[in-house]
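Here the structure is laid out as structure tokens; the discussion comes afterwards.
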Protein chains: 2
Amino acid sequence: MLDERKRQVLFAIVRDYIQTAEPVGSRTIARRYEFGIGAATIRNEMADLEEMGFIEQPHTSAGRIPSDRGYRYYVDSLETLPELTVVDATLIKRHFGGRLRGHEIVLEATARLLSSLTNCVSIVIGPSAAQTRLKVMQVVPLNELSAVLMLVADNGLVASEVVRLPEGLSVVDLDEVCRVITAHYQGRTIDRLHEMNFSAFAGGIGARAETFERAMDKLISGLERLEGERVVLGGASNILNQPEFKDLAKYRDVLKVLEVQELVQKLVATSTTNPYSVSIGAENHLNEMRDCSIITARYTISGEGIGHISILGPTRIEYPRVLSLLNYISKLIGQG
Amino acid sequence: MLDERKRQVLFAIVRDYIQTAEPVGSRTIARRYEFGIGAATIRNEMADLEEMGFIEQPHTSAGRIPSDRGYRYYVDSLETLPELTVVDATLIKRHFGGRLRGHEIVLEATARLLSSLTNCVSIVIGPSAAQTRLKVMQVVPLNELSAVLMLVADNGLVASEVVRLPEGLSVVDLDEVCRVITAHYQGRTIDRLHEMNFSAFAGGIGARAETFERAMDKLISGLERLEGERVVLGGASNILNQPEFKDLAKYRDVLKVLEVQELVQKLVATSTTNPYSVSIGAENHLNEMRDCSIITARYTISGEGIGHISILGPTRIEYPRVLSLLNYISKLIGQG
DNA sequence: CGTTAGCACTCTACCTTGATGAGTGCTAAC
DNA sequence: GTTAGCACTCATCAAGGTAGAGTGCTAACG
């Protein structure tokens, strides 16, 4: 599709623009990257590349910048991840220091680390709780009117919900319900708890089915929100170091999206199969993100489920380096 | 200290500048606020006010803007909170709609509402857990190596922590510890749990005192972080609508502070006695906040403790309106 | 004596202008 | 096929020039 020389030129443009954020001209390439052809020849190649849609011109008589398609080609051509630089590697090691215990902390620390390394926004999403399994359901009475329902998952996450005791139901009844649920559903994955049918229970409980169903739904989604699928943002201010965000309006829109958790989750949602995903510019379905790229890696904590780490930056992001960083860190978290 | 006419002039300047964000000149005041004196007279008053430090001039031959001290005088002179406008009141009512249940949701909804009403950053801090009381300590075994410790408070909050079982200790031992703690400390406030002395326990437990102490500390701080003292930010992007933040560098510094939870908590910390507190410009001890004001109201949820709601904006913030808003909403949350 | 009109002065914001330089596209020669 | 040369385009920047808002001062007024 692209002959060798066109590739060389395209890659030079991409690399240079990623580094400098300035449109890159034919002279610059001829001088800085010497592959034995003159500026004029490069100009011809550039004209071709532009016609094919790999690069574009901000205005006549400016240099060229890669288009979304140009970046896409560049990313797809990266066969192998580069090594981490020594600097990056030591920074990461120092940051994670001794232990990797205590989840909440790790997510936040990771987010902060990544954003300071990349000057981009980082998004860390905790492992999904959907695939963990029920260990125990319990109830603790608070007073005559209310009690706490607790759901313990086999990875140690606990969700709790205060319920008002429905009239005519005592804590003893609730306790009985918990016992039954535990007996029936222990070892089942959390997402299957939705199927529970309370109206099948005996006595007053069956009649109060809706009350229980509502409480259970809250418990389950609480569990999902608690740590699992918890969304941690890092360094929304670091991205202001990037020259593209000198333009306020652009940054404002991006920030606005980041404030809505559901949108963030949708952005990060990866293609099912691949361990990495890269969404470049308009490939993101949100219009506000049309000038951003999002690179996401998956991590797995054995027995706890799947989470995601993402870096969001301008399309002019250091794809190879970020991919390496994410690769390294996702493995680090994964084995913790 | 200020005669009546000087007060009138100062207040006119403050109100006008709050509304327009433009330095206000003598002509403007004479025309827009008619208290029967001419522009020239006002100029004389302004010269006095400037010398006294209530207003300042961005540069020669510009209008005047209030200084921190001017705002302070204005705020201190507000005897009575104005009524909420009908618009504000209905927006709030609609937003809180039916129920006020489910804490986490309420905090976030409140933050979002406040920041959209004011075009400022809102900071909502959940009720402190320190004054709640221990209901029950429990342990649930996960597998041979680890278990979940759970601490239930009398307001229904639950903290949990996964612990590796120290060698030589079984779940049964742990269960015993929990039972003892529950028996001894039920009804005590959470912050007194720190005093617990594990080395007094019998057998292998005493020997493992540090393990337990560490776990307990984590539990307690987990409880505090969980909902209590949870910090929720809203609308960091809305503040970009304010003309003062056209200047990126300023906004960047503010945002950076907001990313560090501990700093945010310090900013919001109110004077002990007053239900409201207003920190204007340099009164904030953080240098980055020297051009911002923070208005904080306290709310109390009966039996759950004390929380805070703050609005952070430029010093040119609508003090009376924001105070009314905070007053209204803090009461609303409080009774929920 | 306090208040006011008038006026010269100051300073910013904005526009225009022109010079500079980077970069292109085309053409003709190698 | 490649390259040098050249005319042309366009953004950026500094310089100059104008308009407008606002001040401080002075002198006059009631």
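Naming convention: chains lettered A, B, ... in sequence-line order (proteins, then strands); numbering from 1 in each chain. Bear in mind the structure is a predicted one, so any value in this text is a computation, not a measurement.
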* To do: Check each residue of residues 9-32 of chain A for a non-hydrogen atom within less than 4.0 Å of any atom in DNA chain D, then write out the ones that pass by number, or none.
  =>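 Contacting residues: none.
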Ordered by number, residues from residues 47-60 of chain B within less than 4.0 Å of DNA chain D (heavy atoms) are B/Gln57
Give me the distances for all protein-to-nucleotides 2-6 of chain C N/O pairs that come in under 3.5 Å?
residue	atom	partner	partner atom	Å
C/dT3	OP1	B/Arg5	NH1	2.6
C/dT3	OP2	B/Arg5	NH1	3.4
C/dT3	OP2	B/Arg5	NH2	2.9
C/dT4	OP2	B/Gly38	N	2.9
C/dT4	OP2	B/Thr41	OG1	2.3
C/dG6	O6	B/Arg43	NH2	3.2

Check: So, B/Thr28 and B/Tyr33: side-chain donor and acceptor under 3.5 Å apart, yes or no?
Finding: no
- Item | Any side-chain donor near an acceptor of the partner, A/Asn274 and A/Ser277, under 3.5 Å |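 Side chains of A/Asn274 and A/Ser277: no pair found under 3.5 Å.
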Residues passing the salt bridge (charged side-chain N to carboxylate O under 4.0 Å, His left out) test with A/Asp291, sequence neighbours excluded, are A/Lys250
With both pairing distances under 3.5 angstrom for Watson-Crick or G-U wobble, and | for a partner in another strand, the correct string for DNA chain C is ||||||||||||||||||||||||||||||
Starting at CG of A/Asn327, measure out to OH of A/Tyr276 and round the result to the nearest 0.5 Å.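 Rounded to the nearest 0.5 Å, the CG-OH separation comes to 3.0 Å.
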OH of B/Tyr74 to CG of B/Leu10, rounded to nearest 0.5 Å, is 10.0 Å
Counting only heavy atoms from other residues, nucleotides and ligands, does the tally under 6.0 Å from CZ of B/Arg27 exceed 12?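 It does not: B/Arg27 CZ has 12 such atoms or fewer within range.
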Problem - Presence of B/Arg64 side-chain N/O under 4.0 Å of D/dA21 phosphate oxygens OP1/OP2 - result: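 No, no such contact exists.
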Listing time: all N or O pairs from protein to nucleotides 27-30 of chain D that are below 3.5 Å?
none

